[in-house]
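Computed from a predicted structure; not experimentally measured.
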Amino acid sequence: ENAERSLELCRRYGDRGREGDSHSVRGIILLEVGLYDQAAEAFTEALDILSHTASRWSRADCMIYAGVCDVKRRRPTAKLMIDEALGEARRLGARYLEANALIARAGAHLARNELPQAIADAAEGTAVAHAATLVGYEIQGLARHALALSRSGRPAEANALVQRSLQLLEYQPYIEGSEEEVLVACMEVLLAGGQHERAAIVRDRARAGAKRKAELLAEPLWRTAYAAIPEIAALLRPSLR
C-alpha cells in the first residue's frame, strides 16, 4: 500500500525518476512474496522509465532485482541483466550495487548448477561486502559460497563459511533478501557435513520465520504464492516437525 501511494504521488507531481523507483520497489515486494510474473511487470515498467532519466544508480539496482526475478522465472537471459548491472555498478563505483550484483549472479549460477562460477562470484561479492561493511550482503554471500562449495564436495571449507554466516546473522537485525533462503542454504551444508543437530536448530529457526511471515500475509493470493517458494514450501511441510 505504501509503494502504491508513493507511485500515485510521483505520477501526480510528475517526478519520473522517483516513479521509476516506486515501480522498482513494488517489484521487489512482489518478488519477495513469490509473485514473479507481477514482479517482472513492475520491473519492466521501472526500467522503461529509468532508462529515460538520469537515474543510473536506480536503473542498475532495478536490473539486479529484475535479473533475480527472471532467474526465478527460469528465463535464459536472466544473468545478462545482472551482468549489465554489475558493469554499471563498477563504472559508478557503487560498492553496494557491486556486492549485490555479484551475490545475485552467484545465485543465478547456483540455480543452473554452475558451481565454479557460483563459488567465484560469491567469494568476490562477499569480499566486496566485507570491505564496504555491508553485513547483510556478506551473510548472503557467505551462505551461497558455502552452498556451492558443499555441492562441489568441499565440506570443510563450506562448513567454515556457514559458521561465519550464522555468527553474523545473530547480530544483524535484517538482511537484504530472504533470511529463510540463507538459513536453508546453511542447513543443507550442515546436513551434508553430518551436523544433524546443528542443522535441526537452523531448520527450526527458518521454519519459524517462514511460518510467521506466511501468517502475516492477509491477502490469500500473496500467502499462496509465498508458500509455493521452494525453500518456503519445504520449511512449511508438517513432516519437518
Review point. Between Leu31 and Val68, is any pair of side-chain heavy atoms under 4.5 Å apart?
Key: yes
Check your understanding: Do you know the tightest heavy-atom contact between Ile229 and Val33?
Key -> CD1-C, 4.0 Å
Check your understanding: With a 4.5 Å limit on heavy-atom distance, are the side chains of Ser6 and Val25 in contact?
Key -> no
Check your understanding: So, Arg151 side chain and Leu115 main chain: donor-acceptor pair closer than 3.5 Å or not?
Key -> no
Review point. With the 4.5 Å side-chain cut-off for hydrophobic clustering, are Leu190 and Leu183 part of the same group?
Key: yes
Exercise for review: Kindly indicate, with the supporting measurements, whether the criterion side-chain contact (heavy atoms from CB on, under 4.5 Å) is fulfilled by Asp61 and Leu97.
Suggested key: CA-CA 6 Å; Asp61 185 67; Leu97 289 176; 3.5 Å; yes
Check your understanding: Are Val128 and Val182 co-members of a hydrophobic cluster defined by side-chain heavy atoms under 4.5 Å apart?
Key -> no
Practice item. Might you point out which heavy atoms bring Val184 and Glu231 nearest each other, and give the distance in Å? Key: CG2-CB, 4.0 Å
Review point. What do the steps show when you test Ser152 against Ile119 for side-chain contact (heavy atoms from CB on, under 4.5 Å), and what is the final call?
Key: CA-CA 9 Å; Ser152 299; Ile119 290 168; 3.7 Å; yes
Exercise for review: Start with the C-alpha distance between Asp83 and Leu86, add both sets of side-chain angles, then the distance that settles side-chain contact (heavy atoms from CB on, under 4.5 Å), and finish with yes or no.
Suggested key: CA-CA 5 Å; Asp83 290 343; Leu86 177 58; 5.5 Å; no
Check your understanding: Does CZ in Arg74 sit with more than 12 non-hydrogen atoms of other residues, nucleotides or ligands closer than 6.0 Å?
Key -> no
Exercise for review: State, yes or no, whether a side-chain contact exists between Thr126 and Gln140 at a heavy-atom distance under 4.5 Å.
Suggested key: no
Exercise for review: Find out whether Pro155 and Ser150 are in side-chain contact, i.e. whether some heavy atom of one side chain is under 4.5 Å from a heavy atom of the other.
Suggested key: no
Point to revise | Electrostatic pair Arg5-Glu8, nearest N-O below 4.0 angstrom | key: yes
Revision key, fill the gap. For Ala40 and Arg73 the tightest heavy-atom approach is CB-NH1, 3.4 Å
Check your understanding: Looking at side-chain heavy atoms only, is the closest gap between Glu114 and Arg105 below 4.5 Å?
Key -> no
Check your understanding: Looking only at heavy atoms, what is the nearest atom pair of Ala39 and Gly27, with distance?
Key -> CB-O, 3.4 Å
Practice item. Search all heavy atoms of Ala3 against all heavy atoms of Ile29 and return the closest pair with its distance. Key: CB-CD1, 4.1 Å
Practice item. Please answer: with hydrophobic residues joined when any side-chain heavy atoms are less than 4.5 Å apart, are Leu110 and Leu102 in the same cluster? Key: no
Review point. Do the side chain of Ser51 and the main chain of Leu47 share a donor and acceptor less than 3.5 angstrom apart?
Key: yes
Check your understanding: Are Glu181 and Arg144 ion-paired here, with the side-chain N under 4.0 Å from a carboxylate O?
Key -> yes
Review point. Is there side-chain contact between Glu4 and Arg26, with at least one heavy-atom pair below 4.5 Å?
Key: yes
Exercise for review: Answer yes or no: are there more than 12 heavy-atom neighbours, outside Glu219 itself, under 6.0 Å from its atom CD?
Suggested key: yes
Check your understanding: Is there a donor in the side chain of Gln117 and an acceptor in the side chain of Asp121, or the other way round, less than 3.5 Å apart?
Key -> no
Review point. Are the side chain of Ser165 and the backbone N or O of Leu161 linked by a donor-acceptor pair below 3.5 Å?
Key: no
Review point. Only one of Arg18, Arg11, Arg12 forms a salt bridge (Lys or Arg N to Asp or Glu O under 4.0 Å) with Asp15, so which one is it?
Key: Arg18
Exercise for review: Give the minimum heavy-atom separation between Tyr226 and Ala214, together with the two atoms involved.
Suggested key: CE2-N, 3.8 Å
Check your understanding: In terms of side-chain geometry, is the basic nitrogen of Arg223 or Glu215 positioned less than 4.0 Å from the acidic oxygen of its partner?
Key -> no
Practice item. Run the salt-bridge test on Lys79 and Glu84 with the 4.0 Å N-O cut-off and return the result as yes or no. Key: no
Practice item. Please examine the side chains of Arg212 and Leu216, heavy atoms only from C-beta on, and report whether any two atoms are closer than 4.5 Å. Key: yes
Point to revise | Note: Arg207-Glu180 ion pair, threshold 4.0 Å (strictly below) | key: no
Review point. Can Met63 and Glu88 be said to form a side-chain contact (heavy atoms from CB on, under 4.5 Å), step by step?
Key: CA-CA 10 Å; Met63 288 191 71; Glu88 182 72 333; over 6 Å; no
Check your understanding: Any link between Val202 and Leu191 through a network of hydrophobic side chains (Ile, Leu, Val, Met, Phe, Trp, Tyr) touching at under 4.5 Å?
Key -> yes
Check your understanding: Quick one: does Thr53's side chain have a donor or acceptor within less than 3.5 Å of a partner on Leu50's backbone?
Key -> yes
Review point. Do you reckon Ile64 sits in the same ILVMFWY cluster as Leu30, going by side-chain contacts under 4.5 Å, direct or chained?
Key: yes
Point to revise | Polar side chain donor-acceptor pair, Glu176 to Asn100, under 3.5 angstrom | key: no
Check your understanding: Hey, is Arg90 close enough to Glu124 for a salt bridge, meaning N to O under 4.0 Å?
Key -> yes
Review point. Should Leu168 and Arg164 count as side-chain neighbours, where that means a heavy-atom distance under 4.5 Å?
Key: yes
